Amino acid sequence: MVLVGAGPGDPGLVTRRGLDRLAEADVVVTDRLVPHELLRQLRPGVRVVDVSKIPRGAFVPQERINQILVEEARAGHRVVRLKGGDPFVFGRGMEEVQACRAAGLPVEVVPGISSAVAVPELAGVPVTHRGLTQGFTVVSAHLPPDDPGSTVDWAGVARAGTTVVLLMAVQTLPAVTAALVAHGMDPATPAASIENGATPTQRVLHGRLDDIAEVAAAERLSPPAITVIGEVAAFARTAAPAPDVTV
């Protein structure tokens, strides 16, 4: 089995090795956020298995995905597991690797460009910048700060002095931004939310920590979207409205 990161949305951003492995595949097990153009480029006869997870909607359980990978590989097929972004950044990629290795199957991992860095970059936002910030913190915000299942130290995030990159935060953005303010982050800190990054429909919303959630709600921000909080987010105001992508 080969685990391939497809990158952030533009099919031109997948790695050369990722393309090589797709060209060799018999079966491609794919996610919702992979560039569809990559699937259209598969050789005739390749079987595509869609195991998408829809936010707050239909989804294929992770255990079933693991089972599919093992079953297809044991049947002698060359299996490519294609995941958006990088499979080890909130992609459950390691769970799939472990399941295959536990079944005695060899696994190759092909890293992908992570949307956590690429999407802000394509909106004109550097996650680090000399004189402004010396680091960045990437957080999955699919759970609000008061949820018992959340393991994020939001007080630590607020105090870290780094750029904050929020993934899966469309629904939780009001609670997350309120928590950051409550823990001492300056309410006037620049913020930007980027919807459909690295695609022709990319959209960038501008605001501050204390109002970006209101801006997002008013503009009906929808997934997939990434929110960047920090002084570097102000660069988004001078960026082009959409990236030059390959489709």
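Here the structure is a predicted model, which is why all the values come from computation and not from measurement.
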- Message: Looking at every heavy atom in both P87 and G5, which two are closest together, and how far apart are they?
- Response: CD-CA, 3.5 Å
- Task: Compare all side-chain heavy atoms of E195 with those of P224 and state whether any distance is below 4.5 angstrom.
- Result: no
- Query: Are V80 and V49 connected in a single hydrophobic cluster, I mean Ile/Leu/Val/Met/Phe/Trp/Tyr linked by side-chain heavy atoms less than 4.5 Å apart?
  - Reply: no
- Please lay out, stage by stage, how Q62 and E95 fare under the test side-chain contact (heavy atoms from CB on, under 4.5 Å). CA-CA 9 Å; Q62 186 62 53; E95 294 180 39; 3.5 Å; yes
- Any salt bridge between E24 and R78, counting N to O under 4.0 Å? no
- Task: Mind running side-chain contact (heavy atoms from CB on, under 4.5 Å) on L105 and V70 for me, showing each step along the way?
- Result: CA-CA 8 Å; L105 300 169; V70 171; 4.2 Å; yes
- Query: Do D186 and L209 have side chains that get closer than 4.5 Å, going by heavy atoms?
  - Reply: no
- Query: Under the side-chain contact (heavy atoms from CB on, under 4.5 Å) criterion, do S193 and V204 qualify, and how do the steps go?
  - Reply: CA-CA 6 Å; S193 291; V204 182; over 6 Å; no
- Message: Strictly below 4.0 Å, N to O, side chains only: are R32 and D50 in salt-bridge contact?
- Response: no
- If only atom types and distance count, is the side chain of D211 paired as donor or acceptor with the main-chain N or O of R208 below 3.5 Å? yes
- Query: So Q41 and E37, side chain to side chain donor-acceptor pair (under 3.5 Å) or not? Walk me through it.
  - Reply: CA-CA 6 Å; Q41 294 173 5; E37 179 62 25; 3.2 Å; yes
- dist R64:CZ -> E71:CD (nearest 0.5 Å) comes out at 5.0 Å
- Student check: side-chain heavy atoms of I65 and R92 closer than 4.5 Å: no
- Charged N-O contact under 4.0 Å between D26 and R43: yes
- Query: How many angstroms lie between atom OG1 of T177 and atom CG of L166, to the nearest 0.5 angstrom?
  - Reply: 9.0 Å
- Item | Hydrophobic cluster identity match, L143 and V152, side-chain contacts under 4.5 Å | no
- Item | Heavy-atom closest pair, residues P111 and T15 | O-CG2, 3.6 Å
- What distance do L42 atom CG and R47 atom CZ have between them, rounded to the nearest 0.5 Å? 12.5 Å
- Item | Point-to-point distance, once rounded to the nearest 0.5 Å, from CG of D210 to CG of L180 | 11.5 Å
- Task: Establish whether F88 and M168 are linked, either directly or via other cluster members, by ILVMFWY side-chain heavy-atom contacts under 4.5 Å.
- Result: no
- Task: With rounding to the nearest 0.5 Å, note down the distance linking CG in D31 to NZ in K83.
- Result: 4.5 Å
- Item | Candidate pair T162 and T133, rule side chain to side chain donor-acceptor pair (under 3.5 Å), full reasoning | CA-CA 6 Å; T162 63; T133 179; 5.7 Å; no
- Query: What distance separates L82 CG from L39 CG, expressed to the nearest 0.5 Å?
  - Reply: 6.5 Å
- Task: May I have the step-by-step check of side-chain contact (heavy atoms from CB on, under 4.5 Å) for R81 and V4, ending in yes or no?
- Result: CA-CA 6 Å; R81 175 66 166 114; V4 175; over 6 Å; no
- Message: Please evaluate residues H142 and F90 with respect to the criterion ring pair (Phe, Tyr, Trp, His ring centres under 6.0 Å), reporting the C-alpha separation (whole Å), side-chain torsions for both, the decisive distance (0.1 Å), and the verdict.
- Response: CA-CA 10 Å; H142 67 290; F90 305 130; 8.0 Å; no
- Verify same cluster id: V165, V117 (apolar side-chain graph, 4.5 Å): yes
- Could you check if a side-chain atom of V110 sits within less than 4.5 angstrom of a side-chain atom of V2, using non-hydrogen atoms only? yes
